[in-house]
Amino acid sequence: MVQKKWFVIGGILVLLIGGTFIGRQLAGDGTANGKVTTLKVAHTQNYAPYDYVNDKGKHTGYEVDVLKAIDKKLPQYKFKYTGTSDEDLLIGLESGKYDIGTKGAWYTKERAEKFIIPKDAIGASVIGFTIRKEDKEKFKDIDSFAQSSGKLVPISPQNAQWNVIEDYNKSHEDHPIDLKAAESFTMADAYAWVLEGRYDAYFDIKLSFEQAVKDKDGAYHKYADQLTWVPYKGIETYPLVHRNKSNKKFVKEYAKAIKELKKDGTLAKLSKKYFGENVFNYVTK
C-alpha cells in the first residue's frame, strides 16, 4: 500500500508518496533529480556579430544568443560564459578548461579528431568571391569563374576554405578551379592583388567583405567602388565540445534543443537580427 504524507514547506502544501518528493520543483529544484551541471562556454570576444563582448561587458552575438536559448531549454544545465581569444579557446577546449567553444567554426577533419562536433549546426557562414566590379558579368557564380579559368588568390591548406574549393573540384573535374597553396599574406594583399589583376578573385566570407570593404569605416573601404562580392554558398558553423563522457550526453540534449529552435523559427529570427538575413538559406545539402 502506497503511503501518503503531507507537509507544509514555505507555505506550500507538498505531497510525499512512497518517499518521493512531489513538491521538488516547488521547493526550488529545476530538474527531475535536482542536479544542475555547469558547462563552461568560451567564445571569441571580438568576432561580431557571431560572438563578442559588447561595450557593457555583456556576452552576446548570434551564436552566444543561440546557446542562451538552448540553455533555457535544458534546465539540467547551466552555461557559464567566458569571452577569450581564439587561441585560448582552442587550447582550453583541448585541456578541459572549457566544455564548449564557439567561434564561427566550420567542420574540418582535424577539429573532429580533437573535439566533439555535433551533427546539427548552430549557424552558417556565407562565402563567395571578391572580384573586380568590371568582371561582375563575367564571374556571376563559382561555375562561371571555374569555366573561365579565373585565377584565385592562393589559400592556406590549413584553412577550411581550402577544403571547400577542393570539394568543388572533386565534383567538377571537367572544369576545376586552379587551387594553389598560400604563403603568408594579409587581407590587404589579397584585395590589392585582385585590383592589380594579379588574380581574379579572393575566396572571401561575405561578412568579412562587408565589414572591411562596404562599411564606410572598414579598413579597405577605399576599394568599395572597385570591388564587389559574388556568393557561393553557406558553410555551416558548429560549437566545439571538449571530449569526455558527460559532454557526449550534453551533445545529445543539444541536438534535441537545436532542432526545436530551428523548427520554431528562433534560429531564423536571430540570424536576421545579427546578419540582416537568414544565413541558412545559403546552405545546400
Side-chain angles (χ1 to χ4, degrees), residues 36-71 74 77-127 155-164 182-188 190 204-208 211-212 218-219 235-251 253-254 257-258 270 274-275 279:
V36 176
T37 301
T38 297
L39 296 179
K40 294 163 287 186
V41 180
H43 65 84
T44 41
Q45 58 190 358
N46 54 10
Y47 188 36
Y50 283 92
D51 315 282
Y52 61 103
V53 178
N54 65 19
D55 54 6
K56 296 181 180 179
K58 179 182 178 182
H59 300 280
T60 190
Y62 169 78
E63 291 184 334
V64 172
D65 277 10
V66 172
L67 286 176
K68 288 179 179 179
I70 289 172
D71 194 10
L74 304 178
Y77 294 102
K78 178 182 179 181
F79 294 176
K80 182 179 180 181
Y81 298 89
T82 299
T84 188
S85 67
D86 190 272
E87 183 179 13
D88 176 68
L89 183 150
L90 294 173
I91 293 174
L93 275 177
E94 283 195 71
S95 68
K97 177 182 177 182
Y98 305 119
D99 295 294
I100 305 167
T102 180
K103 59 186 290 295
W106 298 3
Y107 176 94
T108 66
K109 291 181 180 178
E110 293 76 16
R111 286 172 180 164
E113 290 172 356
K114 293 181 179 180
F115 314 113
I116 303 173
I117 301 181
K119 292 182 179 180
D120 298 276
I122 194 171
S125 176
V126 184
I127 196 162
I155 303 171
S156 168
Q158 284 73 45
N159 193 310
Q161 289 159 295
W162 173 279
N163 297 332
V164 177
E183 296 179 2
S184 179
F185 67 88
T186 67
M187 188 183 295
D204 201 3
I205 295 173
K206 182 181 182 183
L207 179 62
S208 297
Q211 292 180 339
I235 308 296
E236 292 177 311
T237 62
Y238 301 85
L240 307 176
V241 183
H242 173 66
R243 285 190 176 279
N244 64 32
K245 186 175 181 180
S246 60
N247 285 348
K248 287 182 180 179
K249 182 179 180 182
F250 159 73
V251 169
E253 299 301 325
Y254 163 92
I258 199 76
L270 288 174
Y274 285 101
F275 303 110
V279 293

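Being a predicted model, the structure only gives us computed values, none of them experimental. FYI, the numbering just counts along the sequence from 1.
Closest of all the heavy-atom pairs between T108 and A160 is CG2-CB, 3.9 Å. When all heavy atoms of D120 and I258 are compared, the pair lying nearest together is CB-CG2, 3.4 Å. For the pair M187 and A212, the tightest heavy-atom approach, listed with the atom from each and the gap, is SD-CB, 4.0 Å. Across all their heavy atoms, D99 and T38 have their closest contact at OD2-O, 4.1 Å. When all heavy atoms of Y81 and L67 are compared, the pair lying nearest together is OH-C, 3.6 Å. When all heavy atoms are compared, the tightest approach of T84 to A42 is CG2-CB, 4.1 Å.
Contact check for K248 versus V251: no side-chain heavy atoms found under the 4.5 Å cut-off. Residues V164 and W106 form a side-chain contact, since some pair of their non-hydrogen atoms from C-beta on lies under 4.5 Å apart. In this structure, T44 and Y52 have side chains that are not in contact, with every pair of non-hydrogen atoms separated by 4.5 Å or more. When side chains are defined from C-beta on, H59 counts as touching H43, because their heavy atoms get closer than 4.5 Å. Considering only heavy atoms from C-beta on, Y77 stays 4.5 Å or farther from I70 through its side chain. Residues I116 and F250 have side chains not in contact (no heavy-atom distance under 4.5 Å, counting atoms from C-beta outward).
Note that CG of N247 and OH of Y254 are 13.5 Å apart. Values are rounded to the nearest 0.5 Å. To the nearest 0.5 angstrom, K119 atom NZ is 13.5 Å from E236 atom CD. Q158 CD to N163 CG: the interatomic distance, rounded to the nearest 0.5 Å, is 10.0 Å. Between the CG atom in D51 and the CG atom in D65 there is a gap of 9.5 Å [rounded to 0.5 Å]. In this structure, NZ in K109 is found 12.5 Å from CD1 in I117, a value given to the nearest 0.5 Å. Rounded to the nearest 0.5 angstrom, I127 CD1 and L207 CG are separated by 11.5 Å.
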Set out, in order, the CA-CA distance, both residues' side-chain angles and the distance that settles side chain to side chain contact (heavy atoms under 4.5 Å, CB included) for I205 and Q161, then state yes or no. CA-CA 9 Å; I205 295 173; Q161 289 159 295; 4.2 Å; yes
Let me see the working for L90 and K103 under side chain to side chain contact (heavy atoms under 4.5 Å, CB included), right down to the final yes or no. CA-CA 10 Å; L90 294 173; K103 59 186 290 295; 4.1 Å; yes
What's the verdict on side chain to side chain contact (heavy atoms under 4.5 Å, CB included) for F79 and L39, showing C-alpha distance, side-chain angles and the deciding distance? CA-CA 5 Å; F79 294 176; L39 296 179; 3.7 Å; yes
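Between the K40 side chain and the T82 main chain, no donor and acceptor come within less than 3.5 Å of each other. Between the side chain of Q211 and the backbone N or O of A48 there is at least one donor-acceptor pair closer than 3.5 Å. Formation of a donor-acceptor pair under 3.5 Å by the N159 side chain with backbone atoms of W162 is not found in this model.
For E87 and S85, the side-chain atoms include no donor-acceptor pair closer than 3.5 Å. At a cut-off of 3.5 Å, with distance as the only test, no side-chain donor of T102 or Y47 sits close to an acceptor on the other residue. Between the side chains of Y98 and D88, a donor-acceptor pair is found at a separation under 3.5 Å.
Aromatic ring centroids of F275 and Y50 lie under 6.0 Å apart.
Applying the salt bridge (charged side-chain N to carboxylate O under 4.0 Å, His left out) criterion to D71, with sequence neighbours excluded, gives no partner residue.
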